[in-house]
Amino acid sequence: MSDAVRVRFAPSPTGYFHVGSARTSLFNWLYARQTGGTFVLRIEDTDAERGRQEWLDSIISAMAWLGLTADEGPYRQSEAEGRHRDLAEKLYAAGFLYACDCSRDDIDARTKGNATPGYDGHCRERGVARTESTALRFKVPHDGGTTIVDDQVRGQVAFPHAAMEDFVAVKSSGAPLFALANAIDDRDMAITDIIRGEDLLPTTPKQLLLWEALDTVDVVVPLPRFAHLPMLVNEQRKKLSKRKDPVAVESYRDQGFLPDAFVNYLALLGWAPKGDQEMLSRAELVEQFRLADVQSSPAFFDVAKLTHFNGEYIRALSLEDFLAAVLPWIEPDKADWSPEGYVTPWDLQHFDAGRFAEMAPLVQERIAVMSEAPSMVDFLFLPDPPFEETAVDKVLKSEKAVSILEAALAAYREIPFEAAALHEATLAFSEELGLKLRITQAPVRVSVTGRQVGPPLFEAMALLGRDEVVRRLHLGLELARS
RNA sequence: GCUCCCAUCGUCUAGCGGCCUAGGACGCCUCCCUUUCAAGGAGGUAGCACGGGUUCGAAUCCCGUUGGGAGUGCCA
């Protein structure tokens, strides 16, 4: 039995939380849950230039939304700065690092035509004195050897030392750079498994070298296992970009995706369960997920499939749960959260929760994301139907519209105003007109709801009541005649 | 340029030498159901990048080619 698993998710707050980070976070979380391990959240906030509080908030709230709760943290990397500097000093004192006063331009000018690109080791043996403008570079061993990354998803990956430059480990300010700070934290937090994006694979050998060096100046810490997850890419097969691609997790929350659906879909990016069942509950994911079965090729984030999953999840909700989940788009004043800047199409004074609840099961069946709900029911709460121009042009201006609406008005005058009777009455006058129900319902629908598509018509009319339906049919008639 | 990674339907994937005339899911198309739209049901479309090996046998193993991607910052 190996020691207890400790994994960490270590985002830097330099942008909103995006789907790639969410996937990395999820895989860490799944692995922790299934091994009974600990999921640590560490915020790598040492880049004061780019880090912002709002991005941090975004990470925390998006993870909470997805239900990826940390067992420890959030720790802030900046809090360990003293520790980082201390170890950097020890590394320097022990000869693993050397001072370098080259500027980027110096280096570029010198190495322009070199076969081996990158820093050329110019200061390695020069004995440059440390000043406030010298960085500290790591002395990559010139031993002709290789560093091997033993990766759970990729196997053994070898990096020849000859191709590794003496990278900067400590800034001239004295603060360690990512590779060092990150390794020190992983050591100090006793992380056993590093699960992160494939983009970090090339920096892993550097961290391994650093790790060995740190072992000699500090306590010896067993090497963690590594797992580099495949990239998430866009249609162009390029790494998802925060600027160009719609990847903000919040935007999916705002559109009305369900966290469980989102998590389920995300889990399928780079991993697949045994068998043909793709819709898996959180518990099933935790149970079935296998890090070793993670794919090594990049995956495209397919919103169409996500949307399908979401529709399935919505339909699977109990009425009660559906009402709760759709609340932010229907009655935002009653919800504890709703999308920023969102307002309902109707005046909240005119909203009728009872009416909505009656319509809800019909809505639930028809939407794939919650934000589609308002347009399905707005006609119920708006003083006049929200007439769509194309619907008016195509349906109300059609040849038969006037006679159909007149027939409807006559037919609905005295019948009991409930769905079944309305259905029957409509069927009856359709027959008299020699038209199919699919034809006659159209102008009635547009008159009553303003749209060509929507929830079942007769249920909607029953809810509205005879007086209002009659009034709207007259509105439709006016439009039809104009 | 250099280092590294990757390669099964349009997309996500199953497949880990014979069960594959390659399975599932999304998408798309057709039909059925039907008061619109959905949902549901029944079908269909479409793939092992290429070339060499190894083997009785390769989508599966090896090599190469091609193609894609990542990294190459005193960012993380």
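The chains referred to below are lettered A, B, ... by the order of the sequence lines, with proteins before strands, and numbering in each begins at 1. All values below were derived from every heavy atom in this structure, side-chain atoms included, with hydrogens, water molecules and symmetry-related copies excluded.
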Would you name the heavy atoms of A:Gly465 and A:Phe417 that are closest together and state the gap between them?
C-CE2, 3.4 Å
Stretch residues 428-444 of chain A: residues that reach within less than 4.0 Å of RNA chain B through a heavy atom:
A:Leu437, A:Arg438, A:Gln441
Output yes when a side-chain donor or acceptor of A:Asn264 lies under 3.5 Å from a complementary backbone atom of A:Glu278, and no otherwise.
yes
Of the candidates B:C12, B:G71, B:A76, the side chain of A:Glu278 sits closest to B:C12
B:A14 -> Watson-Crick or G-U wobble partner, both distances under 3.5 Å, gives none
Could you check whether any side-chain heavy atom of A:Leu266 comes within less than 4.5 Å of a side-chain heavy atom of A:Phe27, counting everything from C-beta outward?
no
Has the side chain of A:Lys305 got a donor or acceptor atom sitting under 3.5 Å from an opposite partner on the base of B:A25?
yes
It should be established whether A:Thr46 places a side-chain nitrogen or oxygen under 4.0 Å from OP1 or OP2 of nucleotide B:A76.
yes
Across all strands shown, which nucleotide pairs with B:A39 by Watson-Crick or G-U wobble geometry, both distances under 3.5 Å?
none
Under 6.0 Å between ring centres, would you say that holds for A:Phe309 and A:Phe257?
no
Any base atoms under 4.0 Å from A:Gly118, or only sugar-phosphate, or nothing? Heavy atoms, all strands.
nothing
Does the structure show a Watson-Crick or G-U wobble partner for B:U21, both distances under 3.5 Å? Name it, or say none.
none
Nearest heavy-atom pair of A:Leu97 and A:Ala169: which atoms, and what distance?
CD2-CB, 4.1 Å
Could you tell me how far apart A:Glu388 (CD) and B:C37 (C1') are, to the nearest whole angstrom?
12 Å
Any A:Asp193 side-chain heavy atom under 4.5 Å of A:Gln152 side chain:
yes
Ignoring backbone atoms, establish whether A:Lys171 has a side-chain N or O less than 4.0 Å from OP1 or OP2 of B:C75.
yes
Whole angstrom is fine here: how far is it from CG in A:Asp199 over to C1' in B:A76?
10 Å
Sorted by chain and residue number, the side chain to side chain contact (heavy atoms under 4.5 Å, CB included) partners of A:Ala408 (sequence neighbours excluded) come out as A:Tyr412, A:Phe429, A:Val444, A:Leu473
Closest non-hydrogen contact found for A:Ala419 with A:Ala462 is N-CB, 3.9 Å
How would you label the contact of A:Ser133 with the nucleic acid (heavy atoms, under 4.0 Å): base, sugar-phosphate, or nothing?
base
Taking the minimum atom-to-atom distance to the side chain of A:Arg445, which one of B:C6, B:U35, B:G73 wins?
B:U35
If pairing requires Watson-Crick or G-U wobble contacts with both distances under 3.5 Å, which nucleotide is the partner of B:A7?
B:U66
Mind checking side chain to side chain contact (heavy atoms under 4.5 Å, CB included) for A:Asp143 and listing every partner two or more places apart, or none if nothing turns up?
A:Pro141, A:His161
Is there a side-chain contact between A:Ile314 and A:Ile367 (heavy atoms, below 4.5 Å)?
yes
A:His84 has an atom NE2; how far is it from atom C1' of B:C74, in whole Å?
16 Å
Counting just side-chain N and O atoms, does A:Arg104 come under 4.0 Å of either OP1 or OP2 of B:C74?
yes
What contact category does A:Leu177 fall into here, base, sugar-phosphate, or nothing, at under 4.0 angstrom with non-hydrogen atoms?
sugar-phosphate
Could you tell me how far apart A:Asp185 (CG) and B:A76 (C1') are, to the nearest whole angstrom?
12 Å
Pick the closest RNA chain B nucleotide for A:Lys274 and for A:Phe300 by heavy atoms, then say which residue is nearer the 5' end.
A:Phe300
Does A:Leu200 reach a base, just sugar-phosphate, or nothing at all? Heavy atoms under 4.0 Å.
base
Whom does B:G73 pair with, Watson-Crick or G-U wobble, provided both distances fall under 3.5 Å?
none
So if I define the base as every atom that isn't primed, P, OP1 or OP2, how would nucleotides 39-50 of chain B read as a B/S/- string at a heavy-atom cutoff under 4.0 Å?
SS----------
For the pair A:Arg104 and A:Asp108, evaluate salt bridge (charged side-chain N to carboxylate O under 4.0 Å, His left out) and give the outcome as yes or no after the intermediate values.
CA-CA 6 Å; A:Arg104 190 70 243 172; A:Asp108 288 346; 3.4 Å; yes
Whole-angstrom distance between B:G18 and B:A58, as gauged at atom C1':
10 Å
Using the P atom as the point on both nucleotides, what is the distance between B:A25 and B:U34, in whole Å?
26 Å
Answer with yes or no after comparing the ring centroid distance for A:Phe301 and A:Tyr265 against a 6.0 Å cut-off, counting only values under it.
yes
Name the nucleic acid region contacted by A:Glu44, choosing base, sugar-phosphate or nothing; use a 4.0 angstrom heavy-atom cut-off, strictly under.
sugar-phosphate
Please work out if A:Gly197 contacts a base, only the sugar-phosphate, or nothing of the nucleic acid, heavy-atom cut-off 4.0 Å.
nothing
Base-pairing mate for B:A59 - Watson-Crick or G-U, with both contacts under 3.5 Å:
none
Mind checking side chain to side chain contact (heavy atoms under 4.5 Å, CB included) for A:Ser398 and listing every partner two or more places apart, or none if nothing turns up?
A:Ala401
Per atom distances to the A:Ser297 side chain, the nearest of B:C74, B:C6, B:G24 is B:C6
Separation of B:C37 atom P from A:Lys394 atom NZ, nearest Å, is 11 Å
Want to settle it: does A:Gln77 or A:Phe301 sit nearer the 5' end of RNA chain B, counting the closest nucleotide to each?
A:Phe301
Residue A:Asp302, side-chain atoms from C-beta onward, closest of B:U13, B:U11, B:C74
B:U11
Could you give the distance separating B:U60 and B:C2 at their P atoms, to the nearest angstrom?
29 Å
Would A:Glu388 and A:Lys394 count as a salt bridge (charged side-chain N to carboxylate O under 4.0 Å, His left out) here? Give the steps.
CA-CA 10 Å; A:Glu388 276 181 356; A:Lys394 277 184 75 174; over 6 Å; no
Please list, for nucleotides 2-5 of chain B, all pairs of protein and nucleotide N/O atoms separated by less than 3.5 Å.
from: B:C5; atom 1: O2'; to: A:Arg154; atom 2: NH1; distance (Å): 2.7
from: B:C5; atom 1: O2'; to: A:Glu198; atom 2: OE2; distance (Å): 2.9

Between B:G51 and B:C19, how many Å separate the two C1' atoms, rounded to a whole number?
29 Å
To the nearest Å, how far apart are A:Asp276 CG and B:G15 P?
11 Å
Mind checking who B:C33 pairs with, Watson-Crick or G-U wobble, both distances under 3.5 Å?
none
Checking B:A38, B:C74, B:U35 against the side chain of A:Arg366 (C-beta onward), the nearest is B:A38
Counting the atoms with a prime plus P, OP1 and OP2 as sugar-phosphate, which does A:Gln295 contact under 4.0 Å by heavy atoms, base, sugar-phosphate, or nothing?
sugar-phosphate
Testing B:A70, B:C26, B:A14 for proximity to the side chain of A:Ala272, the answer is B:A14
Euclidean distance for C1', B:C48 against B:G40 (whole angstrom)
34 Å
Does either side chain, that of A:Asp106 or that of A:Ser103, offer a donor lying less than 3.5 Å from an acceptor on the other one?
yes
Please state whether the base of B:U11 and the side chain of A:Arg237 form at least one donor-acceptor pair under 3.5 Å?
no
Checking B:C75, B:G69, B:A25 against the side chain of A:Phe309 (C-beta onward), the nearest is B:A25
Would you say A:Lys238 places a side-chain N or O within less than 4.0 Å of OP1 or OP2 belonging to B:G69?
yes
